[in-house]
Protein chains: 2
Amino acid sequence: MNPAEPPQPPRRPTMADVAAAAGVSRALVSIVIRGAEGASDATRRRVLQAAKDLGYRPDTRARLLRSSRTRLIGVVFNVTEPYHAELVELLYEAAAAERYAITLSATGPRRGEREAVESLLDLGVEAAVVIAPTSPTAELAALPVPVVSMLRAPGGGAVASVASDEAAGIRLAMDHLHGLGHRRIAHLDGGAAVGSAARRTAYLAWMADAGEAAQVIPGGPLESDGSRAAAMLLASMGRPPAGAGREGNTQAGHATYAGHGGTASGAPGAPTAVVVFNDRSALGALDTFRRAGLGVPGELSVVGYDNSRMARLEHINLTSIGQDGPALAAAAVRSAAARIAGAAAEDVVIPPSLEPGGTTARLTPPGR
Amino acid sequence: MNPAEPPQPPRRPTMADVAAAAGVSRALVSIVIRGAEGASDATRRRVLQAAKDLGYRPDTRARLLRSSRTRLIGVVFNVTEPYHAELVELLYEAAAAERYAITLSATGPRRGEREAVESLLDLGVEAAVVIAPTSPTAELAALPVPVVSMLRAPGGGAVASVASDEAAGIRLAMDHLHGLGHRRIAHLDGGAAVGSAARRTAYLAWMADAGEAAQVIPGGPLESDGSRAAAMLLASMGRPPAGAGREGNTQAGHATYAGHGGTASGAPGAPTAVVVFNDRSALGALDTFRRAGLGVPGELSVVGYDNSRMARLEHINLTSIGQDGPALAAAAVRSAAARIAGAAAEDVVIPPSLEPGGTTARLTPPGR
DNA sequence: ACAGACTACTAGATCGATCTAGACACGGTG
DNA sequence: CACCGTGTCTAGATCGATCTAGTAGTCTGT
């Protein structure tokens, strides 16, 4: 009721307020809040109670500014990539387990990697995790904090990396198809995307080992790339795609070719299975195959890569190579923590696994 | 060469370093860096040059801590929602245009909205933009900073909102289909998802006005929801879905029903078009329809909602209601800025538009 | 010539935490 | 009893910026 009293500025309580309420010094409150040692159990309880009563929450800005250990890891991800989103979610959990906090910075068509990383540095992160980096390794290594690159193949020691074994993943896919009787297997590649070269090389090596003729169709990481590559593959099989006109690309669709019957279609030597660069691309390809009236997996088996949430949707149920996201995320955080603690950069390789789905099937003998 | 000198701590330069190099006070450097007035052009140039030479970058932590105007807007988004990702990207740009910075906080299966918002508050954001909030309006209104909710219908004044006109969007879809000759139009709804009720209501109202019998199939926001709802619709049309067995849900697929021919299939009164809650759901539905051998748009026209990047992929080319992302993002940032400046909460409604694609076509007369 | 206004600049307090150095109490030892 | 070690706690400096209040110096008008 004092007229001189300020009207009611609902100021957020600070450490000093808690200290006053609990009858201790600010420093002690800091100790208790951080969970550091140096306070008796009795006062610890008292301080925590006071903090709770006041609704105190530590101010991140002040903590970041003052403390030598911010316990903050920055994550750079491409906001247009669904699989990155999955990893981001897992990174939150993995970081929490190591008592680190995460702060995000997105890249995108109009926001570059450099910009994203620097905004993190200005915030005082102790390390940066960059998902599928496009910057050269040397540039990442030159940053003033340790960098962990995810999903990109090891770059030579200067930057820690966490990735799955691309070659092993492709071999899993090839072995799986081989076990189902497939011999003529094509590859729709990822073009210039991160990881594409490694997967293509592994495919070529496997085919060479098996003594089979390889067929690589240039593609890319997006649904549209897969769709386009699929159309090229169809053409090479002597099988026209669905719809002829330009405008009517979806009209009537598959009905045109649906009567073909079960197996072994098109030119002799046409592939009976394809391994696609990633799930997004595989989804585009699947769509194009099916609209052209090609039965999947009846006439053609398809394997993707990433085992993304999308691939696991029941109506899609794509056979895919899984990268074990939780393991990747945990390894990335551990690697970052280790480098912060002074360890040298290491390359972690996570073994991939094959997730069987409904888009691969045993090859039906042609002459049946 | 002085042995007492520390070996080489590559400390990041601070404002004091720049001040010393330029021969001015710290305060003046602050003025120049912020672009505030109160410095002559000559010194301004000198200070900027010194900053550049030293590679100075302002420390975000210190700036956030000290300044009353952090010019920081927090964005809460669901990392598993591709459409949110599109908006995030647009928000970065919209914020930059108003000289605000963005900081992200993701929600997800294991990270709630409350947690995400609070981490932003601890960072000192001046306002929060929450995309498709799930918390009750009252809870958002109780936060100590202004909140702008995106994509959720106006909640009654306490919280500013930016959303597209759901009812108008649905009407656009219905009018489009009506103009193509369709009369029996079904709706696959969004279940409990944000915005679903408004769209369903608008659909029912339109059908009532037109004197047609409405048919709402319960669905949801995900691909799998759309797929399931599509299967229900097929059943109601007396048309069995593709494949009979459980395991073989994709085998042979559409071939079973492909011979049906052009138009007007199934029970009398069966819909010739569907309006689906959103694009993701529509994609699932599309897949199920096509595998069942139902030609889209030959036998059934399909309209989605969001006009997402996915819908625009050339091989999908979904007719969809566009929410004008750039306008939404710009309005959200402007609204946040206005509330920070003291304005009352307002509800902004952005008119949607129809993006024609290849999944809708003129109805072929049944008795032709 | 002098008050008043304006411009260019600076010293020092401040934001809310952490960190360092040291005070104080208390029990055990020689 | 003096001394030491340990556990608990505090005063004050500090992080790197912004903000306030105030000081020179210049210009303007009468």
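In what follows, every chain begins at residue 1, and chains take the letters A, B, ... in the order their sequences are listed.
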Would a distance-only check, ignoring hydrogens and angles, find a side-chain to backbone donor-acceptor pair under 3.5 Å from B/Glu113 to B/Thr134?
yes
Could you state the atom-to-atom distance from CZ of B/Arg69 to P of D/dT20 in whole Å?
13 Å
Indicate yes or no for a side-chain donor-acceptor contact from B/Arg12 to the backbone of B/Arg57 under 3.5 Å, with no hydrogens or angles considered.
yes
Shortest non-hydrogen contact between A/Ile131 and A/Val88, atoms and distance:
CD1-CG2, 4.3 Å
Please check this pair: side chain of B/Thr70 against backbone of B/Gly124, looking for a donor-acceptor N/O pair closer than 3.5 Å.
yes
For atom CG of B/Leu65 and atom C1' of C/dC15, their distance in whole Å:
4 Å
Which is it for A/Asp53 and A/Gln49 under the side-chain contact (heavy atoms from CB on, under 4.5 Å) test, yes or no, and what are the steps along the way?
CA-CA 6 Å; A/Asp53 292 346; A/Gln49 186 60 48; 2.9 Å; yes
Heavy atoms of A/Pro133 and A/Val194 approach each other most closely as O-CG2, 3.7 Å
I'd like to know if the side chain of A/Arg71 and the backbone of A/Arg99 have a donor-acceptor N/O pair within less than 3.5 Å.
yes
Does a side-chain N or O from A/Arg66 land closer than 4.0 Å to OP1 or OP2 of D/dA13, or not?
no
Any A/Arg152 side-chain heavy atom under 4.5 Å of A/Val130 side chain:
no
In plain terms, say whether B/Asp17 and B/Arg11 are close enough for a salt bridge, that is, a side-chain N and a carboxylate O under 4.0 Å apart.
yes
Return the residues of residues 35-48 of chain A meeting this criterion: a heavy atom under 4.0 Å from some atom of DNA chain C. Order them by number, or give none.
none
Rounded off to whole Å, could you give me the CZ-to-C1' distance for the A/Arg34 and C/dT20 pair?
12 Å
What is the minimum heavy-atom distance between A/Leu91 and A/Met150, and which atoms define it?
CD1-SD, 4.1 Å
Has B/Ser164 got a side-chain atom pairing as donor or acceptor with B/Gln323's backbone, closer than 3.5 angstrom?
no
B/Tyr83 and B/Leu328 have their tightest heavy-atom pair at OH-CD1, 4.2 Å
Got a list of protein N/O to nucleotides 21-24 of chain C N/O distances below 3.5 Å?
none

Distance check: side-chain N/O of B/Ser68 vs OP1/OP2 of D/dC19, anything under 4.0 Å?
yes
Check: A/Arg339 side chain, A/Pro146 main-chain N or O, donor-acceptor pair, under 3.5 Å
no
Is there a donor-acceptor contact under 3.5 Å from the side chain of A/Glu89 to the main chain of B/Val79?
no
List in numerical order all residues of residues 20-31 of chain A for which some heavy atom is under 4.0 Å away from an atom belonging to DNA chain C.
A/Arg26, A/Ala27, A/Ser30
Where do B/Ala51 and B/Ile33 come nearest, in terms of heavy atoms and distance?
CB-CD1, 4.5 Å
At what angle, to 10 degrees, do the two end axes of the helix from C/dA1-D/dT30 to C/dG30-D/dC1 meet, given five pairs define each axis?
60°
The correct set of residues in residues 53-64 of chain A placing a heavy atom under 4.0 Å from DNA chain D is none
Does anything in residues 116-127 of chain A come within less than 4.0 Å of DNA chain C? Heavy atoms only, and list the residues if so.
none
Looking just at side-chain N and O atoms, do B/Thr14 and B/Arg26 make a donor-acceptor pair shorter than 3.5 Å?
no
A/Arg11 CZ to C/dA17 C1': how many Å, rounded?
14 Å
Quick check against the 3.5 Å criterion: does A/Arg66 have a side-chain atom that pairs as donor or acceptor with the backbone of A/Ala62?
no
Minimum heavy-atom distance between A/Leu54 and A/Ala21, given as atom pair plus value
CD1-CB, 4.0 Å
